[in-house]
Asks: 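Can you read through this structure? Questions will come right after.
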2 protein chains.
Amino acid sequence: MNPLVKTLHDIHPLSSDARESLEKTLQKVVIEKEEFILREGQVCHRLFFIEAGCFRGYYHKDGKEITHWFGFEKDIVTSFNSFINKTASIEHIQALETSVCWSISYNELYQLYDDFPEVERLGRITCEQYYIKLEDRYVNAQFQTATERYNKMLANTPHILQRIPLGHIASYLGISQETLSRIRAKGMNSKNSEQTHRS
Amino acid sequence: MNPLVKTLHDIHPLSSDARESLEKTLQKVVIEKEEFILREGQVCHRLFFIEAGCFRGYYHKDGKEITHWFGFEKDIVTSFNSFINKTASIEHIQALETSVCWSISYNELYQLYDDFPEVERLGRITCEQYYIKLEDRYVNAQFQTATERYNKMLANTPHILQRIPLGHIASYLGISQETLSRIRAKGMNSKNSEQTHRS
DNA sequence: TTTCCTTTTTGACATATGTCAAAAAAGCCA
DNA sequence: TGGCTTTTTTGACATATGTCAAAAAGGAAA
């Protein structure tokens, strides 16, 4: 079974008709490292489900790149506002590793919503889950110190630290790379010493 | 017609059966200024649609209150994570003015989702819209300066500044009240002089 | 108006983080 | 291995914002 369909089916059961339509619609696509699936200013017409690899979304501010999200295996990637409202995207979406995805267009997805209420339910549930994750990130972002944000990342999503250059991570945390470096240096002596074990 | 039902119907048409069920289910409730509809630690079992009035969501950090959202007329208010996942809420929800709301319980809502695909569609669309708004706030929160955040608020949601004490707004913007006061003082001389016109 | 209470502003100083430049370390590959 | 590039760290200094305390301003009620 297509891995996305399996993931969805585990969240909420799909009829065999819905499964079949989904499988027929999803397109497999391989994106090379550094390649873009969306550029600032374009309208995002597709969703991507990551089977393997990772992506980042970023935009430019004062000449600097601001990375505001990462996507990994089992994540759904799109420029949300652009996809839903058909507006020009403010962000670039770039593969950080050569990645394997399953992709569906806006029109295909909405046809499935019309044909299969279970699919629309999955759409609703998925959106709710992403909302909750974003809300958590939001509270972190605005109301915790940089050190707290880094430590939370170390505790909750250490895989990000292992796969992504620190420059992107600093940007994601909303601090300069130098500040991130200093936060890491301080943490070294204490119990959170896993960084020292890298080979 | 119930104002929430009208708002929903304008987004996506509801069958008369669905409208009727909704109207039957929604409970009108008046909440006094300063009163809470949810306390930290409780599970949030209900959604509230604001017909008139306003609310804030806040939690405590280092002994201080952190306000992380406001809700006004036509907004839907709940502790999202708690409502969806039935977990203890980390936030308090408090009326900032005496408010009139329409309320529905989790079980009632999910019964409507089962009975009427149009209602579930509205649930999906509403969630998508709230996601987009939150994403915008997130990008603001983490990647703009306090002055930029304040000016954006002045441009996009001036009604908030007129209805809510500056202490709450400073907290919402992620800065101290003193810093907000200084930002406002600086803006005074320039074109954004609307604060000076207050009677 | 006068008093009282709340909200907002101002001042002095402390701290976190940013910026720019350079050094050090790590990764890559011929 | 040696040389080249990229990534990460370190240092010196600038700036934004926080904290605490007090003053000023604004609102409500007698």
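In what follows, chains are A, B, ... by sequence order, proteins preceding strands, each numbered from 1. Just so you know, these numbers use all the heavy atoms, side chains as well, and skip hydrogens, waters and symmetry mates. Predicted, not measured: the structure shown is a model, and the values here were computed from it.
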Asks: In the hydrophobic clustering that connects Ile, Leu, Val, Met, Phe, Trp and Tyr at side-chain heavy-atom distances below 4.5 Å, which members other than A/I31 occupy its cluster, ordered by chain and number?
Replies: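 A/V29, A/I37, A/L38, A/F48, A/I50, A/F55, A/W69, A/V77, A/I93, listed by chain and number.
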Asks: If we fit an axis to the first five pairs and another to the last five of the helix from C/dT1-D/dA30 to C/dA30-D/dT1, what angle do they make, to the nearest 10°?
Replies: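 Overall, the helix from C/dT1-D/dA30 to C/dA30-D/dT1 bends by 40° from one end axis to the other.
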Asks: Please work out whether the ring planes of A/F70 and A/H168 are parallel, tilted or perpendicular, with thresholds of 30° and 60°.
Replies: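 Tilted.
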Asks: Taking 4.0 angstrom as the limit, do A/R124 and A/E128 come out as a salt bridge?
Replies: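 Salt bridge between A/R124 and A/E128, a charged N being under 4.0 Å from a carboxylate O: yes.
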Asks: With no hydrogens and no angle check, just 3.5 Å: does a side-chain donor-acceptor pair link A/E65 and A/S171?
Replies: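 Absent: no donor and acceptor within the cut-off.
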Asks: How many whole angstroms separate atom CD1 of A/I183 from atom P of D/dT8?
Replies: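 Nearest whole value for this atom pair: 15 Å.
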Asks: Nearest whole angstrom, please: distance from the P of D/dT6 to the CD1 of A/I169.
Replies: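 Result: 19 Å.
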Asks: With respect to the side chain of B/P165, which nucleotide from C/dT8, D/dT17, D/dT9 is positioned closest?
Replies: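 For the B/P165 side chain, the nearest candidate turns out to be C/dT8.
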Asks: Would you find a donor on one side and an acceptor on the other, under 3.5 Å apart, between the side chain of B/Q142 and the backbone of A/L173?
Replies: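 Side chain of B/Q142 to backbone of A/L173: a pair is present.
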Asks: Between A/I175 (CD1) and D/dT9 (C1'), how many Å, whole number?
Replies: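 Rounded to whole Å, this separation is 14 Å.
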Asks: Has the side chain of B/S82 got a donor or acceptor atom that lies under 3.5 Å from a matching backbone atom of B/C44?
Replies: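 Yes.
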Asks: For nucleotides 10-15 of chain C, which of its nitrogen or oxygen atoms have a protein nitrogen or oxygen under 3.5 Å away, and what is each distance?
Replies:
{"from": "C/dG11", "atom 1": "N7", "to": "B/R182", "atom 2": "NH2", "distance (Å)": "2.4"}
{"from": "C/dG11", "atom 1": "O6", "to": "B/R182", "atom 2": "NH2", "distance (Å)": "3.0"}

Asks: Are the side chain of A/R137 and the backbone of A/H68 linked by a donor-acceptor contact shorter than 3.5 Å?
Replies: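 Answer holds: yes.
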Asks: For residues 92-112 of chain B, pull every pair meeting ring-ring contact (aromatic ring centres under 6.0 Å, His included), keeping only residues two or more places apart or in separate chains.
Replies: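 Passing the test, one end in residues 92-112 of chain B: B/F36-B/H92, B/Y58-B/H92, B/H60-B/H92, B/F83-B/Y106, B/Y106-B/Y110, B/Y110-B/Y113.
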Asks: Enumerate the residues from residues 60-68 of chain B whose closest heavy atom to DNA chain C is under 4.0 Å, giving them by residue number; use none for an empty result.
Replies: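 Those residues whose heavy atoms fall under 4.0 Å from DNA chain C, taken from residues 60-68 of chain B, amount to none.
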Asks: Is it the case that the side chain of A/D75 and the backbone of A/F72 share a donor-acceptor pair, with hydrogens and angles ignored and the cut-off at 3.5 Å?
Replies: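 Yes; at least one donor-acceptor contact below 3.5 Å.
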Asks: Can you pull out every ring-ring contact (aromatic ring centres under 6.0 Å, His included) where at least one residue sits in residues 122-142 of chain A? Sequence neighbours excluded, please.
Replies: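 Qualifying pairs: A/Y131-B/F80.
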Asks: Whole Å only: how far is the CD atom of B/Q144 from the P atom of C/dG18?
Replies: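 Going from B/Q144 (CD) to C/dG18 (P), I get 15 Å.
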Asks: Mind calculating the distance between CZ (B/R149) and C1' (D/dA16) to the nearest angstrom?
Replies: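 Whole-Å distance recorded here is 11 Å.
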Asks: Tell me, yes or no, whether the heavy-atom count around A/K61 atom NZ, taken from other residues, nucleotides or ligands under 6.0 Å, exceeds 12.
Replies: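 Counting other residues, nucleotides and ligands, NZ of A/K61 exceeds 12 neighbours.
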Asks: In whole Å, what is the span from the CG atom of B/L173 to the P atom of D/dT17?
Replies: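 From B/L173 CG to D/dT17 P: 11 Å.
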Asks: Would you mind reading off the distance between A/H168 atom NE2 and D/dT8 atom P, rounded to a whole angstrom?
Replies: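 The distance from NE2 of A/H168 to P of D/dT8 comes to 9 Å, rounded to the nearest Å.
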Asks: Measure CG/A/L180 against C1'/C/dT17 and give the value in whole Å, please.
Replies: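 Distance, rounded to whole Å: 12 Å.
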